[in-house]
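Take a look at the structure below.
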Amino acid sequence: MDKRLFYLLNIARHRVYKHADQLSEEALGISVTQVGALLLVAGDEGCLLKDLARHLNLNNSALTGLAGRMEHKGLLERRPCEHDGRASRLYLTDLGRRKIDSAKPLITELNERMTEGFTDDEVDVILRFLNRLVNDF
């Protein structure tokens, strides 16, 4: 068994992301990053573009491109911020909401596949470990 933790985390993240992205593109016609953006906007309708960038760990220019592609696909609507004319706020379109509904079974399937073969106690340890990494680094 390989015990190189950093290496394994990196490879696992890459493979899971690649698999999830392929499933998302096939089933929904959008990337897994776009699904994540839709879910974040749904949780904070009218959020600022910079806030979404922070949550997705993207720089502002990368997020501007992502938001532009999503707006072009009819998933999001950008509106100027009423307090700062330079900033944009993001809102879901009806199509964006439908994509979220369609993504939920896919997300459930991915989570079930990743935890398959593990006991509830083992999954709790994995979740505790991953949450610690997210919060401490």
- Residue pair R128, D124: steps toward the side chain to side chain contact (heavy atoms under 4.5 Å, CB included) verdict: CA-CA 6 Å; R128 196 172 77 237; D124 285 344; 5.8 Å; no
- Query: Do F129 and L5 come within less than 4.5 Å of each other through their side chains, counting heavy atoms only?
  - Reply: yes
- Using a 4.5 Å cut-off on heavy atoms from C-beta on, say whether the side chain of L52 contacts that of D44. no
- Does the pair E45/R97 count as a salt bridge with the N-to-O cut at 4.0 Å? yes
- Could you check T33, I30, L90 and say which one makes a side-chain contact (heavy atoms from CB on, under 4.5 Å) with L38? I30
- Message: Using 0.5 Å steps for rounding, measure from the OG atom of S31 to the OH atom of Y17.
- Response: 5.5 Å
- Query: Can F137 be reached from L130 by stepping across I, L, V, M, F, W or Y side chains whose heavy atoms are under 4.5 Å apart?
  - Reply: yes
- Task: Can you tell me which residue pairs pass the salt bridge (Lys or Arg N to Asp or Glu O under 4.0 Å) test with a partner in residues 2-19, sequence neighbours excluded?
- Result: D2-R4
- Item | N/O donor-acceptor pair under 3.5 Å between N10 side chain and F6 backbone | no
- Polar side chain donor-acceptor pair, T119 to D121, under 3.5 angstrom: no
- Query: Could you give the distance from NZ (K50) to OG1 (T64), rounded to the nearest 0.5 Å?
  - Reply: 13.0 Å
- Message: Distance check, rounded to the nearest 0.5 Å: L8 atom CG versus I11 atom CD1?
- Response: 8.0 Å
- Does the side chain of L9 reach to within under 4.5 Å of the side chain of L133, using non-hydrogen atoms? yes
- Do R98 and D101 meet the salt-bridge criterion of a basic N to acidic O distance under 4.0 Å? no
- C47 vs L40 side-chain heavy atoms within contact, under 4.5 Å: no
- Item | Lys/Arg cation over aromatic Y91: R78, 6.0 Å, 45° cone | no
- Can you tell if the side chain of L48 reaches within under 4.5 Å of the side chain of S88, non-hydrogen atoms only? no
- Gap separating the CG atom of L110 from the OG atom of S24, nearest 0.5 angstrom: 9.0 Å
- Query: Can you tell if the side chain of K99 reaches within under 4.5 Å of the side chain of Q34, non-hydrogen atoms only?
  - Reply: no
- Item | Joint cluster assignment, V16 & L106, ILVMFWY side-chain distance < 4.5 Å | no
- Looking at E77 and R79, does any basic side-chain N land under 4.0 Å from a carboxylate oxygen? yes
- Answer whether the closest heavy-atom distance between the side chains of R89 and P80 falls below 4.5 Å. no
- Task: Verify side chain to side chain contact (heavy atoms under 4.5 Å, CB included) between I126 and T115, making sure each step is shown before the conclusion.
- Result: CA-CA 9 Å; I126 293 166; T115 58; over 6 Å; no
- Determine the minimum heavy-atom distance between K73 and G29, stating which atoms define it. NZ-O, 3.4 Å
- Is it true that L75 and L56 fall in one hydrophobic cluster, defined by side-chain heavy atoms closer than 4.5 Å? yes
- Do N60 and L49 come close enough that some side-chain heavy atom pair is under 4.5 Å? no
- Message: To check you understand the geometry: which heavy-atom pair defines the closest contact between L58 and A62, and what is its length?
- Response: CB-CB, 4.3 Å
- If Ile, Leu, Val, Met, Phe, Trp and Tyr residues are connected whenever their side-chain heavy atoms lie under 4.5 Å apart, and connections chain through other members, are L95 and L76 in the same group? yes
- Query: Can L28 be reached from L92 by stepping across I, L, V, M, F, W or Y side chains whose heavy atoms are under 4.5 Å apart?
  - Reply: yes
